[in-house]
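We count ligands from 1, going down the list as the structure has it; atoms in each ligand are counted the same way.
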Amino acid sequence: MNNLAVTRQNFNDWMVPVFAPANFILVRGQGSHVWDQNDKQYIDFAGGIAVNALGHAHPVAVQALTEQATQLWHIGNGYTNEPVLRLAKQLVENTFADKVFFCNSGAEANEAALKLARKVGLLSGHANKNQIVAFKNAFHGRTLFTVTAGGQPKYSQDFAPLPEGIQHTAFNDLEQAKAVINENTCAVIVEPIQGEGGVLPADLEFLKGLRQLCDEHGAVLIFDEVQTGVGRTGSLYAYMNTGVTPDILTTAKALGGGFPIGAMIITNQYANMYAVGDHGTTYGGNPLACAVANAVFEFINTPEVLEGVQQRFDYFVTGLNKINAKFNVFEQIRGQGLLIGCVLKAEHAGQAKNIVNLAGEQGLLALVAGPNVVRFTPSLIIPFEDIDEGLSRFEQALEKFSHELKECA
Ligand SMILES: *Cc1c(COP(=O)(O)O)cnc(C)c1O
């Protein structure tokens, strides 16, 4: 079976059709270069959706993985292990948090946080303190609880009946938030930058206002940093740029640099409201995942890497503005660090996916964030010459896009 020849058509034959992958199959990667079955090379501006923070096959991650692979893969949570404790120490020492819960994905980290919020409400002694406030256009994962907390009904409506007690209000609108946050609120969950929703940063005043409202009403403030965390914005976590500290933060994606892992990090005040047996996971905190995450986290959490992310942001924005001066298809380039959104002008609404497909033809991996935003989330250490080459391929894709437009006109 390992040598079975497979094609893109086999995806349609054998895979549940919840995805519509590109029409090529990638087989190997090195740094920010990836190759497909035909040995065509791509520049990777997608980074496995903000996951491959050190690019592909980084020696530090490879070494951590292979060393741990000869030692201990999995033992279950009836036993603790060394890598998990080392990773917990790194997270606790470098953030606001006192305690950590490990799992395997962003959705699971948010699920752990939202369940805990309900427990906090229960233990508060106020009857009905079980309402969760979330925001329109948000994305928190695909489990039933997290997809309901997300603010895009198209992802949840087909799966009703949905969990109750989640209210959605407009992102960046503090007045609306004030109107719904009250004594019955047990938690507010927010992304410091809405990632999937279009690379839309939260206003500082909005986040400060949410912090204040949570304090006034005894609600837990949860920052979903699954996409923005682990250096993505040029800070270790995005909250560090805001002057606002959450009670709970969820992190995944870049944390394992490509190995699946997630975590909920939390203050003592709330951590101790989960008791033995309240929540759990089979794989969470497994030594293999934690050994890789330890190496990735330690590598990223240095001034050189984090400052490099900021430099690359400036470099991207300069390059993208230059390209846009030529084609005039984007209304705005926005984001922070290496979470960058190119927002299409109204007349090109809905064309983001088309542009990403054209980029693929030119040898560039890119992402969308909704129908109107082309998103880049490359490796945090992508070499500048790869940025140049990727932008040049992006320019060629936009050239084709503009050409198509003229032909249609
Ligand atoms: C990707 C993402 C999630 C879901 O993470 P999974 O690992 O896919 O479950 C949750 N929240 C945000 C902000 C994300 O970007």
Side-chain angles (χ1 to χ4, degrees), residues 16 18-19 21 46-53 101-117 132 134-152 154-156 159 166 168 171-172 187-202 207 210 221-233 235 237-239 242 246 248-265 281-286 289 292-293 296 334-341 367-370 373 375-378 380:
V16 174
V18 292
F19 302 113
I49 319 186
V51 166
N52 302 323
F101 170 81
F102 288 106
C103 50
N104 315 290
S105 66
E108 284 170 83
N110 286 328
E111 185 83 19
L114 294 169
K115 280 178 68 179
L116 179 60
I132 291 161
F135 296 97
K136 290 179 181 155
N137 207 39
F139 185 81
H140 298 302
R142 300 297 200 129
T143 65
L144 200 58
F145 203 170
T146 58
V147 86
T148 308
Q152 303 185 56
K154 66 171 185 207
Y155 292 140
S156 60
F159 308 103
I166 303 174
H168 292 95
F171 186 65
N172 274 340
V188 174
I189 182 167
V190 66
E191 296 159 271
I193 302 174
Q194 286 193 333
E196 302 300 310
V199 191
L200 197 60
L207 295 176
L210 293 180
L221 182 61
I222 304 168
F223 275 12
D224 178 346
E225 292 223 31
V226 170
Q227 188 149 169
T228 55
V230 200
R232 178 62 48 193
T233 66
S235 296
Y237 284 97
Y239 83 88
T242 66
I248 300 181
L249 181 152
T250 53
T251 178
K253 291 202 167 95
L255 183 60
F259 202 97
I261 184 169
M264 169 183 76
I265 70 172
T281 161
T282 295
Y283 291 115
N286 113 2
V292 178
V296 171
R334 69 186 176 204
Q336 263 177 36
L338 288 170
L339 174 52
I340 297 168
L367 300 168
V368 301
V373 178
R375 175 177 40 154
F376 300 134
T377 58
L380 303 183

Nitrogen or oxygen of Phe139 less than 3.5 angstrom from that of ligand 1: yes
Using only atom types and a distance under 3.5 Å, with no angle test, would you say the side chain of Gln227 pairs donor to acceptor with the backbone of Ala50? no
Distance flag for atom 7 (O) of ligand 1, protein heavy atom under 4.0 Å: yes
Taking both backbone and side-chain atoms of Gly106, is any N or O found less than 3.5 Å from an N or O belonging to ligand 1? yes
Euclidean distance, Leu339 CG relative to Thr228 OG1, rounded to 0.5 Å: 7.5 Å
Between Ala109 and Ala263, the two heavy atoms sitting closest are CB-O, 3.5 Å
Flag the pair Tyr239 / Leu207 as yes when at least one side-chain heavy-atom distance between them is below 4.5 Å, and no otherwise. no
Honestly, for Ser105 the part within reach of ligand 1 (heavy atoms, under 4.0 Å) is both
For ligand 1, which atoms, with element, lie under 4.0 Å from some heavy atom of Glu191? 13 (C)
Ligand 1 atoms in contact with Asn110 (distance to a heavy atom under 4.0 Å): 10 (C), 11 (N)
What pair of heavy atoms forms the shortest contact from Ala149 to Ala134, and how long is it? O-CB, 3.2 Å
Any nitrogen or oxygen of Gln227, side chain or backbone, less than 3.5 Å from one on ligand 1? yes
Considering only heavy atoms from C-beta outward, does the side chain of Glu196 approach that of Ile49 to under 4.5 Å? yes
Tell me which protein heavy atom sits closest to atom 9 (O) of ligand 1, plus the residue, atom name and distance to 0.1 Å. Ala107 N, 2.8 Å
So, for Thr143 and Ala107, which heavy atoms are closest and what is the spacing to 0.1 Å? CG2-CB, 4.1 Å
Tell me which one of Arg232, His140, Glu225 gets a heavy atom nearest to atom 10 (C) of ligand 1. His140
Of all the atoms in ligand 1, which lie at a distance below 4.0 Å from a heavy atom belonging to Gly141? 4 (C), 10 (C)
closest protein heavy atom to atom 11 (N) of ligand 1 is Asp224 OD2, 2.7 Å
Among non-hydrogen protein atoms, atom 14 (C) of ligand 1 lies closest to Lys253 NZ, 2.9 Å
Taking every heavy atom of Phe171 against every heavy atom of Val190, the minimum-distance pair comes out as CE1-CG2, 3.9 Å
